Amino acid sequence: MQIAPNSISGKRLRQHGVSSRALRKSRVFFLFWQPVNSIIRPVPIFGSVVLIRRSLLERDVDGELPDGPALAFLVHQLCHVHQRLEWGLYMYLWRHLWQRLAPRGIPIQHRQVERECYYLTQQVDEHYADLQETREPMEA
């Protein structure tokens, strides 16, 4: 599925820092089973393909993505799509390969290629945690 920037799902993702260009240049596929939660596959001609486990991010009846903390997986991967578009395919692959081969004792979430994406994921989690906290007192 391609997410249009002006659709409901696109607006939700853009609210969390995903660029319109990354949405236009990516395709999202929901798989029943895969070994990791979500992953990006840069394709030279078509842009990027995001593969995400279906159980992590269910779509509603209208085919739109739900508004909730589960968007963090997709925001993280779309951040990588943005990196691929900004750096180019060769440099994107080289930087990710180099960061995996020469970690120098730096945790993955603090490495140069992952830092921004983990930061966006953290912002999504905090946004929905804040919303949950503000809704709880009203219900009581």
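FYI, side chains are in, hydrogens and waters are out, and symmetry mates aren't considered; it's all heavy atoms of this structure. Here the structure is a predicted model, which is why all the values come from computation and not from measurement.
Taking CG from Leu56 and CG from Leu31, the interatomic distance works out to 11.0 Å, rounded to the nearest 0.5 Å. Here the CG-CG distance, from Leu13 to Asp67, works out to 9.5 Å after rounding to the nearest 0.5 Å. Ile3 CD1 to Glu64 CD: the interatomic distance, rounded to the nearest 0.5 Å, is 8.5 Å. In this structure, SG in Cys117 is found 9.5 Å from NE2 in His82, a value given to the nearest 0.5 Å. In this structure, the separation between CG on Leu74 and OG on Ser9 is 9.0 Å, given to the nearest 0.5 Å.
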Inset, instruction - Check the pair Trp87, Leu93 against side chain to side chain contact (heavy atoms under 4.5 Å, CB included), reporting the backbone distance first and the verdict last. - result: CA-CA 9 Å; Trp87 299 340; Leu93 294 173; over 6 Å; no
Inset, instruction - Mind running salt bridge (Lys or Arg N to Asp or Glu O under 4.0 Å) on Arg21 and Glu86 for me, showing each step along the way? - result: CA-CA 10 Å; Arg21 185 174 173 218; Glu86 290 293 314; 3.6 Å; yes
Inset, instruction - Evaluate side chain to side chain contact (heavy atoms under 4.5 Å, CB included) for Gln15 paired with His127, printing each intermediate quantity in order. - result: CA-CA 10 Å; Gln15 175 187 0; His127 172 77; 3.7 Å; yes
Inset, instruction - Kindly determine whether Arg115 and Gln109 satisfy side chain to side chain contact (heavy atoms under 4.5 Å, CB included), including the steps that lead there. - result: CA-CA 5 Å; Arg115 188 178 319 130; Gln109 63 268 25; over 6 Å; no
Inset, instruction - Apply side chain to side chain contact (heavy atoms under 4.5 Å, CB included) to His76 and Tyr118, showing your working. - result: CA-CA 7 Å; His76 183 94; Tyr118 274 95; 3.7 Å; yes
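By the criterion of side-chain heavy atoms lying less than 4.5 angstrom apart, applied directly or through intervening Ile, Leu, Val, Met, Phe, Trp or Tyr residues, Val81 is grouped together with Met91 in one hydrophobic cluster. A chain of hydrophobic side-chain contacts below 4.5 Å, direct or via other Ile, Leu, Val, Met, Phe, Trp or Tyr residues, connects Leu78 to Leu89. Connection of Val75 to Ile108 is not established within any shared hydrophobic cluster, with ILVMFWY side chains joined at heavy-atom distances below 4.5 Å, either directly or through further cluster members. Hydrophobic clustering, with ILVMFWY side chains joined whenever heavy atoms are under 4.5 angstrom apart, groups Tyr90 together with Trp98.
Minimum interatomic distance between Ser20 and Arg14 (heavy atoms only, all atoms of both residues): OG-CD, 3.2 Å. Among all heavy-atom pairs drawn from Ala72 and Asp125, the shortest one is CB-OD1, 3.8 Å. In terms of heavy-atom proximity, Val113 sits nearest to Arg95 at CG1-CB, 3.7 Å.
The backbone N or O of Leu51 lies less than 3.5 Å from a partner atom in the side chain of Gln34, making a donor-acceptor pair. In this structure, Arg12 contributes its side chain and Leu65 its backbone to a donor-acceptor pair below 3.5 Å. Between the side chain of Ser26 and the backbone N or O of Ala22, at least one donor-acceptor pair lies under 3.5 Å. Listed for the Gln2 side chain is a donor-acceptor partner under 3.5 Å among the backbone atoms of Arg24. Judged by distance alone, the side chain of Arg27 and the main-chain N or O of Val50 form no donor-acceptor pair under 3.5 Å.
Scanning for ring pair (Phe, Tyr, Trp, His ring centres under 6.0 Å) contacts around His96 gives His80, Tyr92, with sequence neighbours left out. Residues passing the ring pair (Phe, Tyr, Trp, His ring centres under 6.0 Å) test with Tyr128, sequence neighbours excluded: His16.
Of the options Arg53, Glu58, Arg59, a side-chain contact (heavy atoms from CB on, under 4.5 Å) to Phe30 is made by Arg59 and by none of the others.
Around the CD1 atom of Ile8, the shell of radius 6.0 Å holds no more than 12 heavy atoms that belong to other residues, nucleotides or ligands.
Counting heavy atoms from C-beta on, the side chains of Gln77 and Ser48 never come closer than 4.5 Å. In this structure the side chain of Ile52 never reaches within 4.5 angstrom of the side chain of Arg54, judged on heavy atoms. Inter-residue side-chain proximity for Val49 and Phe29 is flagged as met; some heavy-atom pair is nearer than 4.5 Å.
Checked for salt-bridge contact, Arg100 and Glu114 meet the test: a charged N lies under 4.0 Å from a carboxylate O.
A donor-acceptor pair shorter than 3.5 Å can be found between the side chains of Tyr119 and Gln123.
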